[in-house]
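Working notes, structure below.
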Amino acid sequence: MTLRLFNTLTGQLDPLTPADGMALRMYACGPTVYDYGHIGNFRTFLQIDILRRALQLLGTPVRHVMNITDVDDKIIRNAAQAGMPIGDYTQPYIDAFFEDFESLRMERPEQIARATEHIPQMVALVEKLAAEGAAYKAEDGSWYFRLKSFPEYGKLSKKDLSGMEDGARVDVDEYEKDSARDFALWKAAKPGETSWETAIGRGRPGWHIECSAMAMEYLGESFDLHAGGEDLMFPHHENEIAQSEMATHKQFARHWMHVRFLLVDGRKMSKSEGNFYTLRDLLLKGYKASAIRLALVSVPYRHQFNFTFDGLAEATSAVDRLRTFHERLKAGGFAPGESSQMQEAARKAKAEYREALADDLNTAEARAPIFELIRAANTAIDQGECFAADSEAILEVLKDFDAVFDVLEDRDAEPTRRALAWAEKSGRMNEVTPELIAAQSLTDEGIEMLVAERSAAKKTRNFARADQIRNELAEKGVILEDSKDGVRWKRK
RNA sequence: GGCGCGGUACCCAAGUGGUAAGGGAGAGGUCUGCAAAACCUUUAUGCGCCGGUUCGAUCCCGGCCCGCGCCUCCA
C-alpha cells in the first residue's frame with residue numbers, strides 16, 4: 001500500500017515512494033544538543049518515527065538519516081561560559097538525547113550524522129558553490145550564499161522575497177554581505193571560538209550547510225524525503241534547497257514533510273511562559289513513557305497538538321485499556337475454532353487501520369478501528385464466542401498496531417528508573433513526585449508476597465486484612481485485579 | 001502587515017454533500033465478598049456566527065467573530 005503524505009513543496013498529498021524502487025531515502029533534522037530535549041522536540045521526532053514505521057508496515061523499507069547539530073552559536077556560547085571544549089559540552093546532551101529517544105521507543109535511524117564530523121563535506125560544498133558563482137567570501141573571511149543566484153528561492157515556504165528591500169534588517173555584524181538576505185555558509189573564526197582550518201579559511205559552518213552536506217553524503221544529491229519541524233521550513237529548509245540545488249543542478253528532496261508545533265495549554269511552549277517540559281520532567285512527575293508517546297503521537301502531525309496534563313492522563317488510560325486487552329488475549333484459553341463475525345471484525349479493523357495510516361498518517365483515525373475491535377472482542381470473549389483462531393487474528397491486528405504505536409508491551413519501568421537515577425545524580429530529587437518515590441519502594445517480589453498474603457486472607461474470608469493490603473498497594477501505585485484465574489497486578 | 005491553520009458533545013479528537021468514528025471523564029446497570037477489569041445504557045436534531053449554492057451542508061462558496069502558529073534563535 002502506498003502512503004500518501006502532504007508535501008509542503010507541492011501543497012498537496014503526494015504518494016511517497018522511493019525513486020529508485022528500493023529503500024525510501026529520508027533525511028530528518030535532528031536536535032541541536034545544547035540542552036535536554038523537550039516534549040516539543042520529541043513530538044516532531046515521534047511523528048517522524050511514526051512515518052518510518054508506517055512506511056515499513058506498508059511495505060517500504062527506509063534509509064533514514066538524522067543529523068545531530070553539535071556546533072552552533074548557542075553551543076559555542078554555552079561551552080565558552082562553562083569553560084570547556086564544545087565536544088565536552090555537547091556529549092552529555094547527546095547521551096541524554098539518545099536515552100530519551102529510547103525511552104520513547106523511537107527506532108534508531110539507519111544513520112546518525114554529527115555536524116562536527118562532516119566539516120570536509122561542507123567545505124567541498126562551499127567550494128562547489130563558489131565555482132558556480134553562488135557563494136562569495138566577505139572581507140572578514142566568512143562565506144555567504146548569493147540569494148540572487150537562485151531565482152526559485154521561496155518555493156518551499158511560498159514566500160515572495162522579490163519585494164524585500166536590501167538593508168531592511170541588516171545585523172550590525174553582517175555588514176559585509178552583498179545583500180541583506182544572503183545567508184552564511186561558513187563563518188570566519190573569531191578569537192577564542194571553536195574553528196577548523198580548511199581550504200576556504202579558518203572558521204566554522206553556518207547553520208544550514210551541514211544538512212545539505214550530510215544529506216548528500218548519505219543519500220545522494222537527490223533523495224526522496226526531507227522532514228522536520230514546521231519552524232525549519234523557513235529559513236532553514238529554504239536555504240538548504242537553495243545551496244543544494246545551486247551546487248548540483250538537481251532537485252534536492254522531492255518531498256518535504258513538516259510537523260506542526262506542540263502547544264502547552266493552548267500557548268506556545270517556552271521557558272519564559274513557565275510551560276516548558278522536558279521528557280525527564282514528565283517522567284519524574286510519574287507519567288509513564290508509553291503514555292507520553294501515545295499522547296504525542298495521537299494527534300496527526302499536521303495539526304497543532306495541545307499538550308495538557310488531562311490529555312496525558314487520558315493517554316495513560318488508553319494505554320491501560322490496550323494492554324489489559326492484549327494481556328487478556330495472550331492469556332489464551334480459547335476454545336478451538338473460529339467465528340465468522342470475529343474473523344470479519346479483525347479483517348475490517350486491520351484494513352481500516354492501514355488505510356488511515358496511508359492517508360497522510362492519520363493516527364487519530366487509525367486508533368478508532370483498533371478500539372472498536374477491542375470492544376467487539378471483549379464482548380465476544382465474555383459470551384464465549386471468541387475462539388482460538390479469532391484470538392490469533394486479533395493478535396495479528398494488534399501486532400500491526402504496535403508496529404507503529406509501540407505501546408502494548410509494558411517497558412515503562414526502565415525509562416522511569418533512568419530518570420530517577422538522573423535526578424539523583426543531578427540533584428533534582430526534589431522534582432520527583434512523592435507517589436513515584438513510594439512506588440519505587442516496592443519491588444516486584446515485595447508485591448508478589450503481599451498479593452500472596454492477601455489471597456490467603458481471602459481464603460479464610462478475612463476480608464478486612466485483604467482490603468487493607470489492597471489499599472496499601474494502591475497507595476504505592478499497584479492495582480490488583482481478582483479473576484477466576486487468579487490475581488493480576490500492575491503498576492499504575 | 002504578509003503567509004498559514006483551527007473553532008465538532010464535559011474534555012481530547014476523526015470525518016463525510018444525505019443527516020455525526022474513536023478515546024477519556026461523569027451517571028445508571030450487569031458481574032464481584034467489596035473492588036478492579038469487562039460489558040450494557042446514557043451525554044451533540046447538531047458540528048463558531050450570518051448569508052449563498054443545492055432536493056439536501058457540519059462538510060462547497062462569501063462575509064464576520066474568536067483562537068493559534070510561522071514570518072527572528074526555535075522541533
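All chains are named by letter (A, B, ...) in the order of the sequence lines, taking the proteins before the strands, and each is independently numbered beginning at 1. Small disclaimer: the values here were computed from a predicted structure and weren't measured. When reading the values below, keep in mind they use all heavy atoms of this one structure, side chains included, and skip hydrogens, waters and symmetry mates.
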| field | Short side-chain N/O contact from A:N462 to OP1 or OP2 of B:G33, under 4.0 Å | value | no

Does a side-chain N or O of A:H258 approach OP1 or OP2 of B:G4 to a distance below 4.0 Å, or not? no

Is a donor from one side chain sitting under 3.5 angstrom from an acceptor on the other, for [X] and [Y]?
| X | Y | answer |
| --- | --- | --- |
| A:S339 | A:E385 | no |
| A:N78 | A:Y89 | yes |
| A:D70 | A:T116 | yes |
| A:N67 | A:E210 | yes |

Between [atom2] on [N] and [atom1] on [X], what's the gap in Å once rounded to a whole number?
| X | N | atom1 | atom2 | answer |
| --- | --- | --- | --- | --- |
| A:D360 | B:C5 | CG | C1' | 14 Å |
| A:Y277 | B:A75 | OH | C1' | 18 Å |
| A:L46 | B:A75 | CG | P | 15 Å |
| A:L294 | B:A13 | CG | C1' | 13 Å |
| A:E230 | B:G6 | CD | P | 13 Å |
| A:M257 | B:A75 | CE | P | 17 Å |

Taking only the [atom1] atom of each, what is the distance from [N] to [M] in whole angstrom?
| N | M | atom1 | value |
| --- | --- | --- | --- |
| B:G6 | B:C59 | C1' | 15 Å |
| B:U16 | B:U54 | P | 24 Å |
| B:U58 | B:G26 | C1' | 26 Å |
| B:U19 | B:C55 | C1' | 14 Å |
| B:G15 | B:G7 | C1' | 16 Å |
| B:C11 | B:G2 | C1' | 35 Å |
| B:C40 | B:A21 | P | 15 Å |
| B:G29 | B:C61 | P | 49 Å |

Only residue of A:R293, A:R491, A:R323 satisfying salt bridge (charged side-chain N to carboxylate O under 4.0 Å, His left out) with A:D412 is A:R323

Contacts of A:D382 meeting salt bridge (charged side-chain N to carboxylate O under 4.0 Å, His left out) (sequence neighbours excluded), chain-then-number -> A:R328

Donor-acceptor under 3.5 Å (A:Y353 side chain, A:D400 main chain): yes

query: Under the 3.5 angstrom rule, does the side chain of A:Q304 hit a backbone N or O of A:L262 as a donor-acceptor pair?
result: no

Kindly point out which of [options] is positioned nearest to the side chain of [X]?
| X | options | result |
| --- | --- | --- |
| A:A466 | B:A37, B:G33, B:G22 | B:G33 |
| A:S317 | B:G24, B:A14, B:A75 | B:G24 |
| A:A364 | B:A25, B:A13, B:G69 | B:A13 |
| A:K458 | B:A37, B:A75, B:G33 | B:G33 |
| A:F371 | B:U72, B:G23, B:A75 | B:G23 |
| A:L232 | B:G23, B:A75, B:G22 | B:A75 |
| A:R321 | B:C40, B:G24, B:A75 | B:G24 |
| A:H38 | B:G6, B:G24, B:A75 | B:A75 |
| A:D382 | B:A38, B:G22, B:G23 | B:A38 |
| A:R260 | B:C71, B:A13, B:G69 | B:G69 |

NZ of A:K187 to CD1 of A:I209, rounded to nearest 0.5 Å, is 12.5 Å

Between B:G33 and A:F463, is there a base-stacking contact, meaning the centre of the base's six-membered ring lies under 5.5 Å from the residue's ring centre while the planes stay under 30° apart? yes

| said: For a 4.5 angstrom cut-off between non-hydrogen side-chain atoms, does A:P31 reach A:Y36? | reply: no

Within the modelled atom types, does a donor on one side and an acceptor on the other bring the side chain of [X] and the base of [N] under 3.5 Å apart?
| X | N | answer |
| --- | --- | --- |
| A:R470 | B:A35 | yes |
| A:K268 | B:C74 | yes |
| A:D482 | B:C34 | yes |
| A:E314 | B:G23 | yes |
| A:D467 | B:G33 | yes |

In RNA chain B, consecutive runs of at least three Watson-Crick or G-U pairs below 3.5 Å, as range with range, amount to B:1-7 with B:65-71, B:10-12 with B:22-24, B:25-30 with B:38-43, B:48-52 with B:60-64

